[in-house]
Amino acid sequence: MSEIGSSGWVLERCDELTRYSSRGDGLERVYLSPEHAAANTAVAAWMREAGLDTETDAAGNVWGRRAADGTPQRPATPGEPALVLGSHLDTVPDAGRYDGMLGVVLAIAVAHRLRDEALPFALEVVGFSDEEGTRFGKALLGSCAASGQWDPAWWDQADADGVPLREAFLQFGLAPDRVGDAARDPADLVGYLEAHIEQGPVLQERGLPLGYVTTIAGARRFVLTVTGEARHAGGTPFARRRDALVAAAHLVTRIEELAIAADCLATVGDIRVEPGAVNVIPGRAELTLDLRGRTDAGRDALWEQIVTAGREIAQGRGVTFEFAETHRAPSTACAPRLSEAVAAGIVSATGTTSDTSAAAPLDSALGLWSPAGHDGMAMAAVTDVGMLFLRCRDGISHHPDEHVEPADVGVALDAFTAAVLALARAAVPEEAR
Ligand code: HGY
Ligand code: MN
Ligand code: MN
């Protein structure tokens, strides 16, 4: 086993987390599952190894914390605000091992590297419990709880087995009526920094190991339902059919056309057909839709076009078109204050300069838009957020072929550590330095 805090240790921990999966043929770990509990236990142990005190909050997020050291001129007091480092521990079905997990483990490694460094703020590491929204539909449940944005309407969202979120809370050993206890007070937070694989091709194309995030795309998710008429596949002439699947297929290709024209991203990730028999014309088709855009306005305008297209197709084919929104998160700008610290970290780690002064010009490192969503979208409601991106091979993510180079993880560890130190310097008043 590699030394704690090294890139080898980080990669070995990501490998170990693949053991906590609900399927034998790949990685899947969803919110409030036995695998979620097992991963929390393993991560909490690593947090303690790195010198952090640990706890699980009222929404199932796992936290590590070390108190502030203050400065000679301003000794720390208990309960000092914290800089939070972290990411998420849940996955999509048949996932890669780095989306989320790399950011949590890398944060633990940085906490270890800084354990003998006096910091003017508390340092916390968090493993958020549900960023993907795989099980219940609403995403960012863990970070929405931590940012005081829990909506009671979510309790009735049910998983594929019909288990409502409220029931899953109870089964996991959490009290639904105490979920509000997970909410952090903005006054207790210095900022939230997340390291994450890019999940896109830009860093690889530019030959760079690291970049910082400028803006995280705002996403909206829906369930679209097309209802026609289940009929005999042999006895029903085409002129008499109200085939829900054919109508849905027309809608799916129209959605792609509209999204390309709008310079947005739209994905139908799942489609379920009823009754689902080879010799029965589909009477019902249920589709998931994920919409993202550089701006919320552009994304929302595309959604209106999709609704119009759905209604036109439905009318033309004698079926009905309905929709329900399951998730919405605003486009989120990272805070320049944190991005400058991340840029300083990148600059110092990649050797272009050894100066880890409090900030570096944002044009000294590559800033990228993130079409992928992240927990920072929720945490931005209570504190400034910043992100460090790591190159991933061919931009592949949400797939077992997700891959990062050990050397890039090494550079990311140096950059993330330097970013925290840059913020620490910036937190100490000039006269006290
Ligand atoms: O869907 C996303 O963008 C993120 O991976 N949850
Ligand atoms: Mn993901
Ligand atoms: Mn992620």
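This chain uses plain numbering: 1 for the first residue, then up along the sequence. Ligands are counted one by one from 1 in listed order, and the atoms in each one are counted from 1 as well.
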Next on the checklist: Looking only at protein heavy atoms, which one is nearest to atom 5 (O) of ligand 1, and what is the separation?
Outcome noted: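 Closest protein heavy atom to atom 5 (O) of ligand 1: His398 NE2, 3.0 Å.
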Checklist entry - Any side-chain donor-acceptor pair under 3.5 Å between Thr267 and Asp290? => result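 Short answer, no.
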Could you tell me if the side chain of [Y] sits less than 4.5 Å from the side chain of [X], heavy atoms only?
X	Y	answer
Cys334	Ser339	yes
Leu210	Leu203	no
Met47	Val43	yes
Phe389	His196	yes

Next on the checklist: Once you restrict to heavy atoms under 4.0 Å, what part of His196 touches ligand 1? Side chain, backbone, both or neither.
Outcome noted: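 His196 to ligand 1: no contact under 4.0 Å from either part.
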Should you measure from each heavy atom of [X], which atoms of ligand 1 turn up under 4.0 Å away?
X	value
Ala372	3 (O)
Arg292	1 (O), 2 (C), 3 (O)
Arg221	1 (O)

Checklist entry - So, is Glu132 polar-close to ligand 1, with some N/O to N/O distance under 3.5 Å? => result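 Yes, at least one N or O pair falls under 3.5 Å.
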Checklist entry - Is there a nitrogen or oxygen of Pro371 sitting under 3.5 Å from a nitrogen or oxygen of ligand 1? => result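 No, since none of the N or O atoms of Pro371 sits under 3.5 Å from an N or O of ligand 1.
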Checklist entry - Out of the N/O/S atoms in Glu132, what is the name of the one closest to the Mn ion (ligand 2)? => result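 The Mn ion (ligand 2) is closest to the Glu132 atom OE2, counting only N, O or S.
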Item to check | Asp15/Arg13 ion pair, N-O < 4.0 Å | outcome: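 No salt bridge links Asp15 with Arg13.
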Next on the checklist: Any N/O/S atom, side chain or main chain, of His88 closer to the Mn ion (ligand 2) than 2.8 Å?
Outcome noted: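 His88 does not place any N, O or S atom closer than 2.8 Å to the Mn ion (ligand 2).
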Next on the checklist: Can you tell me if, anywhere in Glu131, an N/O/S atom lies at a distance from the Mn ion (ligand 2) that is smaller than 2.8 Å?
Outcome noted: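 No, Glu131 does not qualify, because none of its backbone or side-chain N, O or S atoms lies under 2.8 Å.
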Checklist entry - Below 2.8 Å, any N, O or S contact between His374 and the Mn ion (ligand 3)? => result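 Checking His374: none of its N, O or S atoms is under 2.8 Å.
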Checklist entry - Can you tell me if Asp99 has an N, O or S atom under 2.8 Å away from the Mn ion (ligand 3)? => result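 So Asp99 counts as coordinating the Mn ion (ligand 3), yes.
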Item to check | Enclosure of Gln315 CD (heavy-atom neighbours >12, cutoff 6.0 Å) | outcome: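 Counting other residues, nucleotides and ligands, CD of Gln315 stays at 12 neighbours or fewer.
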Next on the checklist: Can you tell me which residue among Leu32, Asp57, Val179 is in a side-chain contact (heavy atoms from CB on, under 4.5 Å) with Leu174?
Outcome noted: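 Result: among Leu32, Asp57, Val179, Leu32 is the only option passing the side-chain contact (heavy atoms from CB on, under 4.5 Å) with Leu174.
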